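These notes concern the structure reproduced below.
A, B, ... follow the sequence lines: proteins, then strands. Residue 1 opens every chain. As the structure is a prediction and not an experimental result, all values here were calculated from the model.
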Amino acid sequence: MWAYLEQQDSVKPIVFLRIALSVFAICKIAVVYPYLPDVYGQYGYVQWAISKAGLYGFLPHMGDYYSAVSSVITDSNQLLTMFFWLYVVTFLFLALGLFTRVAALLGFYLHLLWMDTGSGLMYGVDVFTQMALFYLLFMPAGNYFSLDVVLGLAEKKQFMVSAGVTRKLLQFQLLVVYMSSGIEKALGPQWWNGEAIWRSLMLPSFTQHNLAWLAHYPAVLIVSGWLVVSLEMLYPVLLLLPRVRVVGLACIFMLHLFIGVFLGMWLFAAIMIILSFFAFGPQALADIRAYRLRRAEASQLVLPSQAY
Amino acid sequence: MSGQTFIKYNAMKYVYRTLIIAHFSFVILTVSHLYTYIKNPVVSALNEMYSAITYSNRCFGFFAPDVGSDLVVDMKMSDGNRSLPYSLLKNNFEVKTRIYSLGGNFAQGNHRPTMDLFAQSWGLKCLNENPGMKKVTVLVLSNVIPDIKSFSKGARITQDSVYITDVEVK
């Protein structure tokens with residue numbers, strides 16, 4: 001197992017994750033910028049006193065910072081704006097690969113700070129972003145295509161053991177995530193009789209399009225439910241077997257695009273696509289290249305016989 | 001590689017391997033729900049703390065095993081003479097999704113004191129934004145989605161009252 005895990009791998013996918021995750025992290029908070037006081041504010045949807053009460057003492061919370069600086073900053077919303085810009089600058093540094101290690105650590109901390117402050121409104125997108133930032137802490141993210149390399153702050157390396165180990169660990173984490181999600185869905189009757197898809201599409205909080213007419217085509221809803229459960233449960237098979245990996249990855253992208261289109265959860269869809277593409281995209285692209293090569297070789301073999 | 005470097009390299013390798021095993025032990029323990037059987041408070045606390053920082057060891061069953069109902073927060077504010085509606089919703093897709101999540105946290109475990117805290121938050125938010133108002137009535141409704149068969153026979157989405165309270169300026 002360790003021999004498989006501790007193989008050298010390209011740093012390029014990690015550069016992709018570093019940039020994509022940084023841009024995503026900025027977009028994620030920029031989208032709610034006009035509503036920062038509502039979502040994360042002292043007297044927002046969930047007061048700081050309540051969100052702080054549910055946390056371990058060692059976890060960061062905006063309220064702690066405000067207590068420390070309240071003699072200087074009288075409006076808690078000003079503090080939110082300051083942290084917003086600190087967060088944006090940190091992730092810009094991370095995207096550019098400038099002081100990468102420090103930026104990754106600070107980005108991880110600041111993201112946790114926002115999550116804990118707005119803990120009552122947290123959902124999957126925050127969970128997966130935080131998880132990805134955690135893995136990024138251990139990745140050699142600044143050793144290629146970074147300002148750290150240009151400025152001589154980090155050694156340029158294209159292949160590293162740590163790149164291979166960390167990407168495989170995130171692969172395994174995703175396999176566990178999807179498979180467990182599929183199993184948990186399969187345990188309820190709603191995913192087998194079409195009701196889960198039906199309810200998801202009809203919940204007023206998520207309704208994007210009027211799909212009530214689907215009630216007259218229950219087979220579509222039933223099959224869609226089966227497909228979701230099958231895709232999630234078979235994620236390891238689909239993404240680990242070279243023969244089906246490209247199709248598997250395309251199906252996962254489609255699943256998340258549907259979540260974006262029909263449930264309006266675009267940010268959740270985006271982070272899941274980024275993670276799956278980082279974890280299995282390089283192999284899928286290699287599979288496509290190998291397939292093209294095989295086809296090219298086969299056509300070259302056929303050509304002389306076609307001449308007759 | 002000198003002897004000292006070799007030892008250091010191997011020591012670090014084993015440290016990393018141990019950390020990887022510990023990490024995935026927490027992950028598997030949580031997703032498999034085995035953590036519910038752990039009676040050791042130290043292991044439970046470590047597992048929860050690790051989850052609170054890394055978010056890697058959590059139950060990832062979104063919309064599982066069933067898709068529940070969503071909640072609607074219906075608020076009315078009053079200054080003693082007139083009553084006006086107040087909405088928590090914003091015209092922003094991400095805020096809408098987060099408010100759905102807020103409803104889930106509000107109703108989690110059907111715990112009345114938790115519901116009261118959330119309702120106080122919403123009431124206070126409303127009163128802060130509308131200083132002339134003296135009282136806010138917070139009514140939480142649950143959308144009842146008819147099943148496929150009932151809907152095709154004419155049933156439509158209805159709402160059940162889940163919670164009601166008043167938040168007043170004292």
Check: Is there side-chain contact between A:Leu203 and B:Ile145, with at least one heavy-atom pair below 4.5 Å?
Finding: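 In contact.
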
Notebook entry, point to check: Is the shortest heavy-atom distance from the side chain of A:Leu59 to the side chain of B:Ile53 under 4.5 Å?
Noted result: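 In contact.
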
Next item on the list: Could you check whether the rings of B:Phe62 and A:Phe128 sit parallel, tilted or perpendicular, using 30° and 60° as the cut-offs?
Entry: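 Tilted, since the angle between the ring planes falls between 30° and 60°.
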
Do you know which of [options] has the most heavy-atom pairs under 4.5 Å to chain B?
{"options": "A:Ala53, A:Gly44, A:Pro34", "value": "A:Gly44"}
{"options": "A:Phe108, A:Tyr178, A:Tyr109", "value": "A:Phe108"}
{"options": "A:Ala212, A:Ala49, A:Ala132, A:Pro218", "value": "A:Ala212"}
{"options": "A:Asp116, A:Val31, A:Val32", "value": "A:Val31"}

Below 4.5 Å from any heavy atom of chain B, which atoms of [X] appear? Answer side chain, backbone, both or neither.
{"X": "A:Gln208", "answer": "neither"}
{"X": "A:Leu221", "answer": "side chain"}
{"X": "A:Tyr56", "answer": "side chain"}
{"X": "A:Ile197", "answer": "neither"}

Just checking, is any N or O donor in the side chain of [X] or [Y] under 3.5 Å from an acceptor N or O on the other one?
{"X": "B:His23", "Y": "A:Tyr135", "answer": "yes"}
{"X": "A:Tyr43", "Y": "B:Glu129", "answer": "no"}
{"X": "A:Tyr35", "Y": "B:Glu94", "answer": "no"}

Check: Does any N or O in the side chain of A:Trp2 come within less than 3.5 Å of the main-chain N or O of B:Arg17, such that one atom is a donor and the other an acceptor?
Finding: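 Answer holds: no.
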
Notebook entry, point to check: Can the positive tip of A:Lys185 be found less than 6.0 Å from the middle of the six-membered ring of B:Phe63, inside 45° of the ring normal?
Noted result: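 Judged by the rule (NZ or CZ under 6.0 Å from the ring centre, within 45° of its axis), A:Lys185 is not positioned above B:Phe63.
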
Check: What residue, out of B:Leu89, B:Asp66, B:Val27, B:Ile20, has the most heavy-atom pairs lying under 4.5 Å from chain A?
Finding: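 Looking at each option in turn, the highest pair count goes to B:Asp66.
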
Notebook entry, point to check: Hey, which of B:Asn143, B:Asn105, B:Ile99, B:Thr54 has the most heavy atom pairs under 4.5 Å with chain A?
Noted result: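 That would be B:Thr54.
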
Check: Would B:Asp70 and A:Arg199 pass as an ion pair if we require N to O under 4.0 Å?
Finding: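 Salt bridge flag = no for A:Arg199 with B:Asp70.
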
Checklist line | Gap separating the CG atom of A:Asp38 from the CG atom of B:Leu88, nearest 0.5 angstrom | finding: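 One gets 9.0 Å once the value is rounded to the nearest 0.5 Å.
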
